[in-house]
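All chains are named by letter (A, B, ...) in the order of the sequence lines, taking the proteins before the strands, and each is independently numbered beginning at 1.
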Amino acid sequence: MEITLRQIDKYRFLIPKQGNMYTDGIIYTTSEMLELIKNDQSLKQVANVACLPGIVGPSLAMPDIHEGYGFPIGGVAAFDLETGIISPGGVGYDINCGVRLLRSNLVKEDIIPVIEKLVDTLFFNIPTGVGSRRKDFKLNQTELKAVLKNGAKWAIKQGFGWSTDLEHIEAGGCLPQANPEFVSNKALERGKAQLGTLGSGNHFVEVGYVEEIYDEKIADAMGLFKNQVTVIIHTGSRGLGHQVCDDHIKVMLKAAAKYGISLPDKQLCCAPISSPEGQKYLAAMAAAANFAFTNRQMITHWVRESFEQFFKDSAEELGLDLIYDVCHNIAKIETHIYQGENKRLCIHRKGATRAFAPGHPEVPAAYREIGQPVLIPGDMGRYSYVLIGTKKAMEETFGSTCHGAGRVMSRHQAIKMAKGRNIAKEMRQKGIYVRGAGRYTLIEEISEAYKDVTDVIEVVHNAGISKKVARLKPMGVIKG
DNA sequence: ATGTGC
């Protein structure tokens, strides 16, 4: 099937329903950014997703779209709970990879003179890199299952965080469908010593500051102000989530055949949401999602402790409140208005962020009037953005927006291009102190390997599916 | 993304 693409308006492109597609594909992007993905499979993947049974509304993609396992990264797809499917490829290997943002009462001048020591402290306190594990903190099976069942509230109960954190996490930091019984022993084994570890790749903890405010009123409601120090934590469910994905892909390959679902690509393997296979994946995915929420909560605790050690002041006094925590690799059961009626749907967001509008009951009380905070990290050398969900997102994208910058270069290409360069030194000259765990981490994560996140943000802001609130600038980063 | 592989 040759992909035909038609421009709808300045920021939207249509793949009209054709062949085996049940519905259209719609990509939020610009013609310039489309050029960057013309040689990969991502547009074909948007069309492929539209061929899956029970899809409701268009197969959507965000401006940070690039090729992924089966579904594109940057993809959003909604499925009917009775006739639709659920697919591990629509969630991604890193189940509930996500981002959280902490505020503070500090300003950038407080940090600049001490950034190296502060980042070193974080690097020491938070296990980082491939296979990172905690030496002091290995859970037994019973405790781990409690984590998988209860999510972030388990951490709060153990003293890793504040009770006020919970209401500032998507879904309250716990997906209720979680059932650890459907998480394999192998996945459990991998998870036991990984709670509170950062991992590798694009995962990071970043100390930055608010460089620009676009909406004073909304920024103020979130507790953000110009030059304020912020902390972003970006990580997911580590080896546990990866193993859950792996295990259930094997099941889904058989299930798709069993239920007579014809797949344009094996990587789209799936099962009806209502089938035992679908329900088991949903329960295991939710358990892995809860592990990821708890992981970010534990890291938050150690970030607060690091700041306390460093500034000899309590985290409460330092105002290190959690602004919000978003998932960007997840399938959620949500109610949306579709063709004038309330409909319960399974929304797959793979490299896409929920962006619920003001007034939505799932937006925490503190943000009910302004809308759900949307957290979009860029690459380590440029910016990150804070946005807010909109009514238009509810109408057009099942309350979804982009998740990041999106790579333009493979890890391999990046290594080839940056050979012989001292990336840490280059970053230091730009005023950013970086500590990377792996031998190739910094080189794989160079700015040039990513789109400029600003271009991505301009699309979602101008298309109206989220609204810019603030731009953050990194000062210090720890990378896996 | 990953008890990656470059």
Other residues, nucleotides, ligands: >12 heavy atoms within 6.0 Å of Phe124(A) CZ: no
Test side chain to side chain contact (heavy atoms under 4.5 Å, CB included) applied to Thr454(A) and Tyr383(A), step by step: CA-CA 8 Å; Thr454(A) 300; Tyr383(A) 321 100; 3.5 Å; yes
Touch class at under 4.0 angstrom, heavy-atom based, for Gly199(A) against every strand present: sugar-phosphate
d(CG, Asp247(A); C1', dA1(B)) in whole Å: 15 Å
Below 4.0 Å: OP1/OP2 of dA1(B) and any side-chain N or O of Arg238(A): no
Touch class at under 4.0 angstrom, heavy-atom based, for Gly239(A) against every strand present: sugar-phosphate
Selected nucleotide, minimal atom distance to Glu444(A) side chain, candidates dA1(B), dC6(B), dG5(B): dG5(B)
Separation between CZ of Arg12(A) and CD1 of Ile27(A), rounded to the nearest 0.5 Å: 11.5 Å
Spacing of Gln194(A) atom CD relative to dT2(B) atom C1', expressed in whole Å: 9 Å
Nearest-Å distance for atom pair CG/P, residues Asp94(A) and dA1(B): 7 Å
Ile73(A) CD1 to dT2(B) P, straight-line distance once rounded to whole Å: 13 Å
Sugar-phosphate only, base, or nothing, as touched by Lys419(A) at under 4.0 Å among non-hydrogen atoms: nothing
Gap between atoms OH and C1', on Tyr440(A) and dC6(B) respectively (whole Å): 6 Å
Cation over ring face, Arg354(A) and Phe356(A), 6.0 Å, 45°: yes
Spacing between Arg411(A) atom CZ and dT2(B) atom C1', to the nearest angstrom: 11 Å
Spacing of Asn96(A) atom CG relative to dT2(B) atom C1', expressed in whole Å: 17 Å
Phe291(A) CZ to dA1(B) C1', straight-line distance once rounded to whole Å: 14 Å
Presence of Ser237(A) side-chain N/O under 4.0 Å of dA1(B) phosphate oxygens OP1/OP2: no
Lys280(A) atom NZ: more than 12 heavy-atom contacts under 6.0 Å: no
Aromatic ring of His242(A) stacked on base six-ring of dA1(B), 5.5 Å, 30°: yes
